[in-house]
Amino acid sequence: MGSKRRFWLIKSEPGSYSIADLERDGRTSWDGVRNYQARNFMRDEMAVGDLLLFYHSSTEPTGVAGIGRVFGPAYPDYTAWDANDKHYDPRASKENPVWVMVDVEFVEKFPAVVRLAEMKAAGELDGMLVLKRGQRLSIQPVDEAHFKAVRKMGKRG
DNA sequence: GCCAACGTTGGC
DNA sequence: GCCAACGTTGGC
């Protein structure tokens with residue numbers, strides 16, 4: 001895994017959890033991820049200190065709303081074996097957690113959302129996963145150059 | 001609200 | 001192990 005800091009994009013519908021919520025809370029558990037590829041990224045590749053583009057999906061406008069940081073290593077997502085939880089998975093148990101989560105902390109909220117359309121128009125973001133049609137993965141690795149470019153766009157407001 | 005794209009499930 | 005059917009995601 002190494003010590004090299006990685007960069008990620010995490011998606012959230014702001015109606016359920018927004019960058020403003022993270023700013024208010026300071027820190028939150030990124031629970032409810034029920035996709036194997038996304039889980040593997042959290043479990044195997046995310047490291048404390050990794051920076052995250054916080055992406056608002058299914059809203060207007062869609063785009064990157066701010067920055068977060070991985071606060072702690074992956075641990076079992078106990079909401080998976082809570083029958084009352086929205087993300088309950090009957091295959092999961094304390095003995096066999098199946099799913100994991102990480103803790104995420106607030107870093108910054110952009111003055112204005114860096115819109116998806118704006119990102120598509122920026123040539124420097126060519127190849128970024130989130131720009132690909134049909135790309136539904138809720139946790140995506142991001143190139144350092146792409147991360148920096150988006151952050152710069154965000155600071156401009 | 002529509003629907004394309006995708007991941008997952010389950011019959012065979 | 002294939003693959004059709006299904007449910008979900010998420011932009012538009």
Side-chain angles (χ1 to χ4, degrees), chain A residues 6-25 28-46 50-70 74-104 106-143 145-147 149-154 156-157:
Chain A
R6 293 169 194 264
F7 302 88
W8 307 91
L9 178 145
I10 59 174
K11 292 184 189 171
S12 184
E13 295 191 18
S16 50
Y17 202 82
S18 69
I19 189 73
D21 293 326
L22 184 59
E23 181 173 30
R24 179 200 60 214
D25 296 343
T28 195
S29 306
W30 209 251
D31 63 15
V33 174
R34 299 291 180 267
N35 169 281
Y36 288 105
Q37 211 179 337
R39 178 204 66 182
N40 294 348
F41 280 139
M42 287 195 289
R43 189 190 59 193
D44 305 333
E45 300 197 44
M46 269 190 183
D50 283 3
L51 292 172
L52 311 157
L53 297 174
F54 196 107
Y55 183 88
H56 283 177
S57 65
S58 298
T59 187
E60 177 53 41
T62 59
V64 178
I67 308 276
R69 186 189 293 117
V70 177
Y75 60 100
D77 181 350
Y78 47 76
T79 67
W81 60 83
D82 175 357
N84 296 316
D85 193 273
K86 187 181 165 198
H87 302 288
Y88 173 62
D89 181 347
R91 295 169 299 177
S93 65
K94 205 166 184 178
E95 295 70 34
N96 177 32
V98 185
W99 304 108
V100 303
M101 56 185 171
V102 296
D103 287 348
V104 166
F106 177 78
V107 174
E108 66 192 52
K109 179 173 178 287
F110 292 156
V113 171
V114 177
R115 294 166 178 251
L116 182 61
E118 201 183 330
M119 293 168 68
K120 283 178 175 168
E124 55 190 344
L125 299 182
D126 278 358
M128 205 174 166
L129 278 180
V130 74
L131 305 185
K132 269 180 39 183
R133 175 179 175 75
Q135 178 52 69
R136 305 186 310 174
L137 195 57
S138 65
I139 296 178
Q140 306 177 358
V142 172
D143 291 347
H146 290 160
F147 179 90
V150 172
R151 190 175 209 174
K152 204 158 104 191
M153 292 165 79
R156 277 205 296 270

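Not measured: the values here are computed from a predicted model. Every chain is numbered from 1, with letters handed out A, B, ... down the list of sequences.
Side-chain contact between A:Tyr55 and A:Ser138 is absent, with no heavy-atom pair separated by less than 4.5 Å.
Between the P atom of C:dC12 and the CG atom of A:Leu116 lies a distance of 5 Å, rounded to the nearest Å. Between the C1' atom of B:dT8 and the CG atom of A:Asn40 lies a distance of 15 Å, rounded to the nearest Å. Atom CD in A:Glu60 sits about 13 Å away from atom C1' in C:dG10, given to the nearest Å. If you measure from atom OH of A:Tyr55 to atom P of C:dG10, you get 8 Å, rounded to the nearest angstrom. Atom NZ in A:Lys11 sits about 12 Å away from atom C1' in C:dT8, given to the nearest Å. Computed from coordinates, the A:Asp89 CG to B:dG7 P distance equals 18 Å when rounded to whole Å. Between the CE atom of A:Met119 and the P atom of C:dC12 there is a distance of 12 Å, given to the nearest Å. The nearest whole Å value for the distance from the CG atom in A:Asn35 to the P atom in B:dT9 is 11 Å.
For A:Trp99 and A:Tyr36, the ring centers are positioned less than 6.0 Å apart.
Closest approach of A:Ala65 to A:His56, counting heavy atoms only: CB-CE1, 3.5 Å.
Looking at heavy-atom distances under 4.0 Å, A:Arg91 makes contact with sugar-phosphate atoms alone, never a base. Residue A:Thr62 is in sugar-phosphate contact alone, with no base atom involved, counting any heavy-atom pair closer than 4.0 Å across all strands shown. A:Lys120 comes within 4.0 angstrom of sugar-phosphate atoms only, judged by non-hydrogen atoms across all strands, and of no base.
Using cut-offs of 30° and 60° on the angle between ring planes, the pair A:Phe7 and A:Phe147 is tilted.
Distances were taken from every side-chain heavy atom of A:Gln37 (C-beta onward) to each of C:dG11, B:dA5, B:dG7; the shortest belongs to B:dG7.
Contact annotation: A:Arg136 does not reach the phosphate of C:dG10 (side-chain N/O to OP1 or OP2, under 4.0 Å).
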